[in-house]
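What follows is one structure encoded as structure tokens, with my remarks underneath.
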Amino acid sequence: MRKLSPFKAISHAFNSVYTYRSAALRIGMFWIPLLFLLGIVELLVGPPDLQNPGLGAPMLVQLVSGIVGFIAFCSMAVSWHRFILRDEMGSPSRIDGPVLRYAGISLLIGLLVAVPLLVVLVIAQLVPGVGLLLLPMALVAGTVVTRLSIMLPAVALGRRDFGFWNAWKVSEGSFWPILGVLLLNAAVVLGILLVLVLATGAIGALNEAAAKVFLLIATAVLKLF
């Protein structure tokens with residue numbers, strides 16, 4: 001199987017987004033305004049009181065926003081996979097079997113990697129020096145997540161004949177290229193977040209309310225991206 005370099009893989013992904021930007025906007029036309037409205041509600045309600053945890057209004061809004069945001073991500077991802085792979089453009093508000101299975105598989109992949117990292121993090125609080133293992137473990141964990149996530153496009157297409165084992169086998173021998181894709185992708189996202197923080201700070205110096213509105217809009221668009 002021919003393997004792309006990390007730079008070619010990332011540039012191919014970005015080119016696809018740019019080339020089919022109208023399709024991407026159509027996919028996000030339902031969820032992005034909804035996420036923006038939820039962001040406004042969060043802003044009006046305020047952050048949860050960490051000193052007095054409980055299911056008050058701020059915590060409830062955060063919980064609902066988090067769940068809706070995750071479902072929105074899965075719905076848009078399934079729509080994008082089906083458009084790219086099958087030239088299919090369904091309802092932008094889809095919450096069907098493939099979306100729910102996509103959400104479940106994504107959660108499972110996250111738990112498979114997060115639990116060992118949390119165990120090491122707890123041990124690091126008790127045993128000096130163990131914390132040094134967190135960075136290499138996080139890089140390995142990110143690579144494992146990326147390899148297992150190869151299953152997700154198949155899930156989006158409604159296929160059940162391509163599971164974790166298949167995803168692991170087809171990505172065998174690609175640890176370093178996958179790690180490169182992971183790091184490049186993280187660098188792009190972090191770079192965008194840095195620009196947003198700087199832009200928000202600059203706008204906030206002139207008008208705090210305008211800065212909050214800008215951040216809400218930018219965050220919603222970033223989720224689509």
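Here the structure is a predicted model, which means the values were calculated and not measured.
In this structure, the side chains of V181 and L184 stay at 4.5 Å or more apart for every pair of heavy atoms. You'll find the side chain of L157 stays beyond 4.5 Å of the side chain of F162, heavy atoms only. In this structure, the side chains of L60 and V45 stay at 4.5 Å or more apart for every pair of heavy atoms.
The backbone N or O of G163 sits less than 3.5 Å from a side-chain atom of N166, completing a donor-acceptor pair. A donor-acceptor contact shorter than 3.5 Å links the side chain of R82 to the backbone of A156. The backbone N or O of Y18 sits less than 3.5 Å from a side-chain atom of R21, completing a donor-acceptor pair. Panel note: side chain S11, backbone K8; a donor-acceptor pair is recorded below 3.5 Å. Between the side chain of W31 and the main chain of F73, no donor-acceptor pair closer than 3.5 Å is present. Between the side chain of S171 and the backbone N or O of A167, at least one donor-acceptor pair lies under 3.5 Å.
Under a hydrophobic clustering in which Ile, Leu, Val, Met, Phe, Trp and Tyr are joined whenever their side-chain heavy atoms come within less than 4.5 Å, directly or via other members, F7 and I178 fall into different clusters. Following chains of ILVMFWY side-chain contacts shorter than 4.5 Å, one can reach V78 starting from L108, so the two form part of one hydrophobic cluster. The cluster map of Ile, Leu, Val, Met, Phe, Trp and Tyr, joined by side-chain heavy atoms under 4.5 Å apart, puts M137 and V145 in the same cluster. Note on I71 and V64: same hydrophobic cluster, where clusters join Ile, Leu, Val, Met, Phe, Trp and Tyr whose side-chain heavy atoms are under 4.5 Å apart, directly or indirectly. Follow the hydrophobic side-chain contacts under 4.5 Å out from I123 and you reach V140 in the same cluster.
Considering all non-hydrogen atoms of both residues, A141 and V113 come closest at CB-CG1, 2.9 Å. Minimum heavy-atom separation, L196 to A218: CD2-CB, 3.5 Å. Minimum interatomic distance between S149 and P153 (heavy atoms only, all atoms of both residues): O-CD, 3.5 Å. Across all non-hydrogen atoms, the minimal contact from Y102 to A77 is OH-CB, 3.5 Å. Taking every heavy atom of both residues into account, P6 and G180 meet most closely at CB-C, 3.7 Å. The minimum heavy-atom distance between A138 and L117, with the atom names listed, is N-CD2, 4.0 Å.
Taking CG of L37 as the start and CD of E42 as the end, the distance is 11.5 Å to the nearest 0.5 Å. Taking CH2 of W80 as the reference point, atom CG of L85 lies at 10.5 Å (rounded to 0.5 Å). Interatomic distance, CD1 of I203 versus NZ of K212, reported as 13.5 Å (0.5 Å rounding). Interatomic distance, L152 CG to R101 CZ, rounded to the nearest 0.5 Å: 9.5 Å. In this structure, the separation between NE2 on H12 and OG1 on T19 is 9.0 Å, given to the nearest 0.5 Å. The distance from the CG atom of L148 to the OG atom of S106 is 11.0 Å, given to the nearest 0.5 Å.
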Would you check, one step at a time, whether the test side-chain contact (heavy atoms from CB on, under 4.5 Å) holds for M76 with I32? CA-CA 10 Å; M76 291 188 291; I32 297 306; 4.3 Å; yes
Determine, step by step, whether L193 and L222 satisfy the side-chain contact (heavy atoms from CB on, under 4.5 Å) criterion, reporting the C-alpha distance in whole Å, the side-chain angles of both residues, the deciding distance to 0.1 Å, and the verdict. CA-CA 9 Å; L193 289 175; L222 181 59; 3.5 Å; yes
For I27 and M89, run side-chain contact (heavy atoms from CB on, under 4.5 Å): C-alpha distance rounded to whole Å, both residues' side-chain angles, the deciding distance at 0.1 Å, then the answer. CA-CA 8 Å; I27 288 171; M89 181 60 74; 4.0 Å; yes
Kindly determine whether T219 and F36 satisfy side-chain contact (heavy atoms from CB on, under 4.5 Å), including the steps that lead there. CA-CA 8 Å; T219 301; F36 177 70; over 6 Å; no
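Exactly one of L107, I105, L111 qualifies for a side-chain contact (heavy atoms from CB on, under 4.5 Å) with I109. That residue is I105. Paired with L215 under the rule side-chain contact (heavy atoms from CB on, under 4.5 Å), one option of L43, T200, V197 passes, and it is T200.
Between Y20 and F83, the ring planes are perpendicular. Angles over 60° get that label, and only those under 30° would be called parallel.
Residues passing the ring-ring contact (aromatic ring centres under 6.0 Å, His included) test with F70, sequence neighbours excluded: none.
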